Amino acid sequence: MPGQFGEALRRHRLRAGLTQEELAERSGVSVHAISVLEAGRRSPRLSSVSRLAAGLGLEPADQEQLIAAARRPDAPAAPAAGTDSPADRPQHRTAPCQLPYDTRLFTGRTRELEQLLRVAEGAPAGSHAGMVVVSAIDGMGGVGKSALAVHTAHRVRAHFPDGQLFIDLHGHTPGTAPLTAEDALGLLLRSLGVPPQQIPRDPGERAAFYRDRLAGTRTLVLLDNAANAAQVRPLLPGMPGCLVLITSRTHLAGLDDAHLLALDVLPGPEAIALLHEAAGPGRIPADHPATADLVDLCARLPLAIRISGARLRHHRALRVADLVEQLRDEHSRLDHLQDEDRNLTAVFDASYAALSDAEQQLFLHLGQIPGPDFDPFAAANLAGTDHRTAERLLESLLDHNLLIQHTPGRYRFHDLVGLYARTRRDRLGREESEAALERLLDYYQHTARRADHHLARRSRPGSPALPTAPVTAPQLADRDAALTWMRADRDNLTAAVTHATADARHSHAVALTAALATVLLLDGPWTQAAGLHQSAAAAAHALGDRNGEAAALCDLGRTYHATGDYHASAELYERALAIYQDIGDRRGEAAGLHELGRIRVLTGDYDAAAELHELALVIFQDLGDRLAEARTLCDLGRARHSTGDSPAAISLMERVLALYRSCGDRRGEAGALHDLGYVLHETGDYPAAAKLHQQALTIYRSIGSRQGEAIILWNLGRARHATGDFPAAAELHEQALTIYRSIGSRQGEADALQGLGRVRHATGDFPAAADLYRQALTIYQGIGSRPGQAELLTNLGALVADTTGPREALPLYQEAMRLARQIHSPLDEARALEGTAHCSAQFGDRDTALTDLRRAVAIYRRIGAPQAPAAAARLTAWETTDLRADPPRALTATLAQPTATSPRSKHRSRHRPG
C-alpha cells in the first residue's frame with residue numbers, strides 16, 4: 001500500500017537525520033513529491049524510489065526492502081528494530097479537518113486579518129530561520145480572538161492539505177480546568193489517526209511522537225483558549241511546513257519566535273456593522289440614532305455586541321432605545337449582557353479565576369479608583385504594598401489583558417472590565433475597602449500638596465499639616481516634575497475630590513481642592529475650577545474649618561478674577577478677608593488685602609488698590625515674609641503706574657527687583673525685570689526697557705521656565721508690532737505660540753494666536769487673520785476667559801469692518817462692549833465704543849457715532865490711555881464733518897493695534913509673567 005511505503009520512507013529519512021528539503025536536494029525528487037509519498041497519498045515511481053534510496057544512502061538490504069515496498073504495495077515493509085509492526089500501524093486515512101464553523105457574523109478586522117493571512121501564506125516554506133510559523137492572538141475575553149483565528153484558518157486551509165487540527169485548551173473556560181499539555185497531545189494524536197494503544201505514556205515521548213507525525217506535512221493546528229506559553233510549547237510541530245494559530249487571554253511573550261497579535265475592541269464603524277449583522281437584516285434602521293450609544297455601552301466589545309444583537313433578533317418587541325436604557329444602569333449592565341449560552345460576567349469570572357491571590361486582590365482594589373487611570377504609585381497605596389510589587393502585579397494584569405497601558409507607566413481598565421471590578425469590590429470586605437480608599441486619598445493629598453509647593457507663587461495661609469506619609473510616592477524634585485505629575489493625575493485628583501465629597505470625606509475634599517488650585521488656575525477650564533472651589537468652601541463650612549473656607553473662597557476669587565468677573569471676585573475676597581480677620585490669621589488677612597487690591601486696580605479704583613496693598617505690605621513685613629512683600633510691592637507699583645505716577649512705580653519695582661535678588665528667587669527676579677521694563681517702555685525709555693526684557697528672557701531660559709519665556713516673547717512681539725516691525729512681531733508671536741502649545745497653556749496659546757492675527761491683519765492677510773482670531777476665540781470661550789474674548793471681539797470687529805462691512809462688524813463690537821462692562825474693563829469698553837462709533841459713522845448715523853466716540857474719549861482720558869489724543873482728534877474732526885456725505889473709511893489702524901502701550905493692559909492677569 002502507498003501508506004506502507006510512505007511510512008518506510010519517513011522512517012529511513014528520520015533515521016538519516018534529514019529534512020524533506022535536504023532529501024529533495026540529495027535525491028532530485030521534489031519536496032512536494034516526498035511529502036505526498038510519505039503521507040501515502042500516491043504510489044511511487046520506481047525511478048523516484050531509486051533516487052530516494054541513493055539520496056538516503058541506504059544499505060543494500062534496506063534499499064531492496066524500500067524498492068520491494070514500492071513494487072508490491074500489498075507487502076508490508078520490514079519494521080525497523082524497536083518499532084511496532086506494520087499490522088499495528090494506522091492505515092491510510094483522510095486528512096483531518098476539525099475547524100469549527102466560520103461564523104457568518106465575522107465583521108471588520110481587515111488589518112488584523114491581512115496580517116494573519118500574510119503569515120499563513122508563508123508558513124509552508126517555514127520561517128526565515130527554518131522554523132515552524134506560529135501566530136499567537138491575545139486579547140481580553142470576548143474581544144473576538146477565536147472568531148478571527150477560525151476565520152483565518154478557513155481562508156488558508158487550502159495551503160495545508162495534510163489536515164487542519166483544532167483543540168480547545170480550556171485556558172479560561174468557566175468550570176473547566178485547563179488541559180494539560182499531555183492530555184492535549186493525546187487528543188491531537190488521536191485526531192491524526194494514532195490508535196490510543198500506540199500513544200506513548202511518557203510526556204516527552206508523546207511530544208516527540210506528535211512532532212514525528214507532523215514532520216514533513218503541511219498541517220494547520222489551531223490551539224484555542226490557551227492558558228499560557230508553557231501549555232502550548234509542547235504542542236508545536238518540530239519542523240517547518242505547518243502553521244500554528246494560538247488564541248489566549250494571556251500575552252504569550254514566552255513564545256519567542258511567534259508572530260504576536262494583540263486584539264483590541266472594534267472601531268466604531270465596525271462595531272455598528274457587527275450589531276446590524278447580529279440583529280439580523282432590517283432589524284435596526286441603517287441610521288438609527290441609538291446604535292452608536294448601544295455599541296458604546298457595549299464598549300465595542302464583540303461578544304457584548306453579539307449578545308445585544310441576538311436579544312434584538314429574538315425579541316422583536318425590544319427596541320434599540322429600550323436596550324440602551326437598560327444598559328445605561330451600571331449596576332445591572334452586566335446582567336443584561338447575557339443570553340442562553342453566553343454570559344459576559346462568566347467570561348470575566350474565568351479571567352479573574354486565572355489570577356494569583358495577589359493579582360486578584362490588586363484587581364479588586366483597582367476597582368476603587370475614582371479616576372480614569374492609575375500608575376504604580378496609586379496602585380501601591382491602594383493595595384498597601386511597595387512600588388516594585390505593584391508594578392510587577394500591574395504588568396501581570398496587563399499580560400492577562402485585564403488592563404490597558406495607554407501610555408508608559410499608566411494603566412486603565414477596559415470599560416466593561418472596570419465595571420466588573422467595581423461590582424466585585426465587596427469581595428474585599430468593608431474594613432479593607434475603607435482602609436484602601438483612605439490610603440489612596442492620603443497619597444493623592446500628600447503628593448498633590450508637595451507638587452503644589454513647587455508650583456504656587458504664594459504661601460497658603462493656615463495650610464493643614466501633610467497627612468501621614470504614603471506607602472510610596474514619586475520624587476518631585478522641581479517645578480517641571482511637579483507640573484508633569486499634576487497634569488498626568490489631574491483627572492484622577494478631581495475625580496477623587498468628587499468621590500470624597502460624595503462619600504462625606506470633607507477634609508480630603510477641601511485639602512485636595514486647595515492643592516489643585518494652582519494648576520487649575522494655570523490650565524483651566526476655569527468653569528470646572530470654580531465648581532470645585534465652591535464645593536470645597538461649602539465642605540469646609542460644614543466642617544467648621546474656617547481657615548479652609550477662607551482659603552477656598554480666595555481660590556474661587558482668583559478663578560473669577562481670571563475669567564474677568566471682577567465684581568464676584570471682589571465679593572469673595574472680602575468674605576475671605578472677614579474670616580481671616582475674625583480668626584486672627586494675619587497671613588490670611590494680608591493675602592486677602594493683597595488680592596482685593598489687585599481687583600481694585602482692574603476695576604479702575606487705583607487709590608483704593610494702593611491703600612489695600614500698603615496695608616498688606618505692613619503685615620507681610622511684620623511676618624518677615626520677604627517674597628510676599630516683593631509681590632505686594634510689585635502690585636503697588638502697578639497701581640502707582642496706573643495713576644500716572646511712573647517715577648513712584650519705577651522706584652517700587654526697583655525695590656521689588658532688589659528683594660527678589662536678595663532672596664535668590666530667580667523666577668521673581670525675571671518677573672520684576674519684565675514689569676520694570678514695561679514701565680520704562682511706557683515712559684519712552686525703549687533701550688532700557690529692551691535691555692531689561694532681554695535679561696528677563698535670559699533668566700527664564702536659564703531656569704527652564706517655558707511659560708516665562710513665552711510671556712516675554714509675546715510681549716516683545718506686541719512691542720515690535722507697535723513700532724511697525726511686523727516680520728519681527730510675527731516671528732516672536734510664533735515662537736511664543738510654539739512654547740504655549742508645548743506646555744499646554746491654553747490661555748497663552750490664545751493670546752499668541754490673537755497677537756499673530758493682529759500682525760496678519762496689519763499686513764493685509766485678512767483670511768489668515770480671520771482664521772487666527774477664530775482659533776483664539778474658541779479657546780477663550782472654552783476656558784471662560786471674558787477679558788480675552790472682549791479684546792479679541794474688538795479686533796475681530798475691526799477685521800470684519802475691513803473685509804465685510806460695518807453692519808457685520810457692529811454686533812461684534814457690541815458683544816465686546818457687553819463683556820467689557822461685565823468685567824469692569826474700561827479700556828476694552830472704550831475700544832469697543834470706538835468701533836461702534838466707526839460703524840455708525842459709516843451708516844451715516846451722526847448722532848450715535850458722536851455719542852459713542854465721546855464716551856470712548858472720556859474713558860480713555862479717565863484711565864490715562866495713550867489712545868486718548870488720537871480719539872479726541874477724530875472726535876473734533878467728526879464734529880465738523882457731514883458724516884453722511886463723507887463717512888470715515890478706516891479706523892483699523894487704531895482699533896487693531898495691540899494694547900500693550902496702555903497703562904491698563906498690563907494688569908490683565910493673563911499677561912503677568914509666571
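Quantities reported herein were computed from a predicted structural model and do not represent experimental measurements. Both backbone and side-chain heavy atoms feed into the values below; hydrogens, waters and symmetry mates do not.
Using a 4.0 Å cut-off between charged nitrogen and carboxylate oxygen, Arg758 and Glu791 count as a salt-bridge pair. A salt bridge is defined here as a Lys NZ or Arg NE, NH1 or NH2 lying under 4.0 Å from an Asp or Glu carboxylate O, and Glu709 with Arg706 meets this definition. Ion pairing of Arg855 with Asp852 is present here, as a side-chain N (NZ or NE/NH1/NH2) and a carboxylate O approach within less than 4.0 Å. For Glu815 and Arg818, the salt-bridge test passes: some basic side-chain N is under 4.0 Å from an acidic carboxylate O.
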Derivation of the side chain to side chain contact (heavy atoms under 4.5 Å, CB included) call for His733 and Leu737: CA-CA 6 Å; His733 283 311; Leu737 179 61; over 6 Å; no
Take Leu522 and Leu483 through the test side chain to side chain contact (heavy atoms under 4.5 Å, CB included) and record every step on the way to the result. CA-CA 10 Å; Leu522 180 66; Leu483 189 57; 3.9 Å; yes
Apply salt bridge (charged side-chain N to carboxylate O under 4.0 Å, His left out) to Arg631 and Glu595, showing your working. CA-CA 11 Å; Arg631 286 192 295 272; Glu595 296 291 2; over 6 Å; no
Residues Leu633, His613; criterion side chain to side chain contact (heavy atoms under 4.5 Å, CB included); working and verdict: CA-CA 8 Å; Leu633 281 170; His613 287 318; over 6 Å; no
Going through the distances and angles, do Gln694 and Leu716 end up as a side chain to side chain contact (heavy atoms under 4.5 Å, CB included)? CA-CA 9 Å; Gln694 288 299 328; Leu716 287 172; 3.9 Å; yes
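In this structure, CG in Asp523 is found 6.0 Å from CZ in Arg490, a value given to the nearest 0.5 Å. For the atom pair CG of Leu572 and NE2 of His533, the computed distance is 11.0 Å after rounding to the nearest 0.5 Å. Residue Leu532 holds its CG atom at 6.0 Å from CG of Leu520, rounded to the nearest 0.5 Å. The distance from the CD atom of Gln534 to the OG1 atom of Thr559 is 9.0 Å, given to the nearest 0.5 Å. Rounding to the nearest 0.5 Å places CZ of Arg854 at 14.5 Å from CD1 of Ile859. With rounding to the nearest 0.5 Å, the separation of CG in Asp828 from CG in Leu792 is 10.5 Å.
Using a 4.5 Å heavy-atom cutoff, the side chains of Tyr813 and Ser840 are not in contact. In this structure, Tyr573 and Arg558 have side chains that are in contact, with non-hydrogen atoms separated by less than 4.5 Å. Looking at heavy atoms from C-beta onward, Ser535 lies out of side-chain contact with Val497 at the 4.5 angstrom threshold. Side-chain contact between Tyr740 and Leu753 is absent, with no heavy-atom pair separated by less than 4.5 Å. No side-chain heavy atom of Leu793 sits under 4.5 Å from any side-chain heavy atom of Tyr773. In this structure the side chain of Gln735 never reaches within 4.5 angstrom of the side chain of Ile739, judged on heavy atoms. Proximity of Arg598 to Arg638: side-chain heavy atoms (C-beta onward) are nowhere separated by under 4.5 Å. Glu879 has its side chain within reach of Leu875: a pair of non-hydrogen atoms, C-beta onward, lies under 4.5 Å apart.
In this model, a donor atom of one side chain and an acceptor atom of the other lie less than 3.5 Å apart for His674 and Asn715. Side-chain contact check for His838 and Glu834: no donor-acceptor pair (N or O, by modelled atom type) lies under 3.5 Å. Remark: the Asn795 side chain and the Gln754 side chain contain an N/O donor-acceptor pair separated by less than 3.5 Å.
Between Phe620 and Arg587, the shortest heavy-atom contact is CE2-O, 4.5 Å. In plain terms, the two heavy atoms of Ala576 and Cys554 that are nearest each other are CB-SG, 3.6 Å. The minimum heavy-atom distance between Ala776 and Ala750, with the atom names listed, is CB-O, 3.5 Å. When every heavy atom of Gly668 is checked against every heavy atom of Tyr660, the shortest pair comes out as O-CD1, 3.2 Å. Between Gln789 and Leu777, the shortest heavy-atom contact is CG-CD1, 4.2 Å. In this structure, Ala536 and Val510 approach most closely via the heavy-atom pair O-CG2, 3.6 Å.
Looking only at distances, a side-chain donor or acceptor of Trp714 sits under 3.5 Å from a matching main-chain atom of Asp751. For the pair Asp452 (side chain) and Leu455 (backbone), a donor-acceptor distance under 3.5 Å is absent. Here the side chain of Arg846 pairs a donor or acceptor atom with the backbone of Trp878 at under 3.5 angstrom. With hydrogens and angles disregarded, no donor-acceptor distance shorter than 3.5 Å links the side chain of Ser785 to the backbone of Tyr780. Without hydrogens or angle criteria, Trp526 side chain to Leu521 main chain gives a donor-acceptor distance under 3.5 Å. Listed for the Ser662 side chain is a donor-acceptor partner under 3.5 Å among the backbone atoms of Leu659.
Atom CZ of Arg487 is surrounded by more than 12 heavy atoms from other residues, nucleotides or ligands within 6.0 Å. Applying the 6.0 Å contact sphere to CZ of Arg774 captures no more than 12 heavy atoms from other residues, nucleotides or ligands. Within 6.0 Å of the CZ atom in Arg575, the count of heavy atoms belonging to other residues, nucleotides or ligands does not exceed 12. By the neighbour-count criterion of 12 heavy atoms within 6.0 Å, atom CD of Glu611 is sparsely surrounded, having that number or fewer from other residues, nucleotides or ligands. Remark: His541 NE2 is loosely packed, at most 12 non-hydrogen atoms of other residues, nucleotides or ligands lying under 6.0 Å away.
Shown here are the side chain to side chain donor-acceptor pair (under 3.5 Å) partners of Arg862, two or more places apart in sequence or in another chain: there are none. Residues forming a salt bridge (Lys or Arg N to Asp or Glu O under 4.0 Å) with Arg666 (at least two apart in sequence, or on another chain): Glu669.
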Could you list the donor-acceptor pairs under 3.5 angstrom formed by side chains in residues 646-657, with sequence neighbours left out?
unit_1: Ser646; atom_1: OG; unit_2: His641; atom_2: ND1; d: 3.4

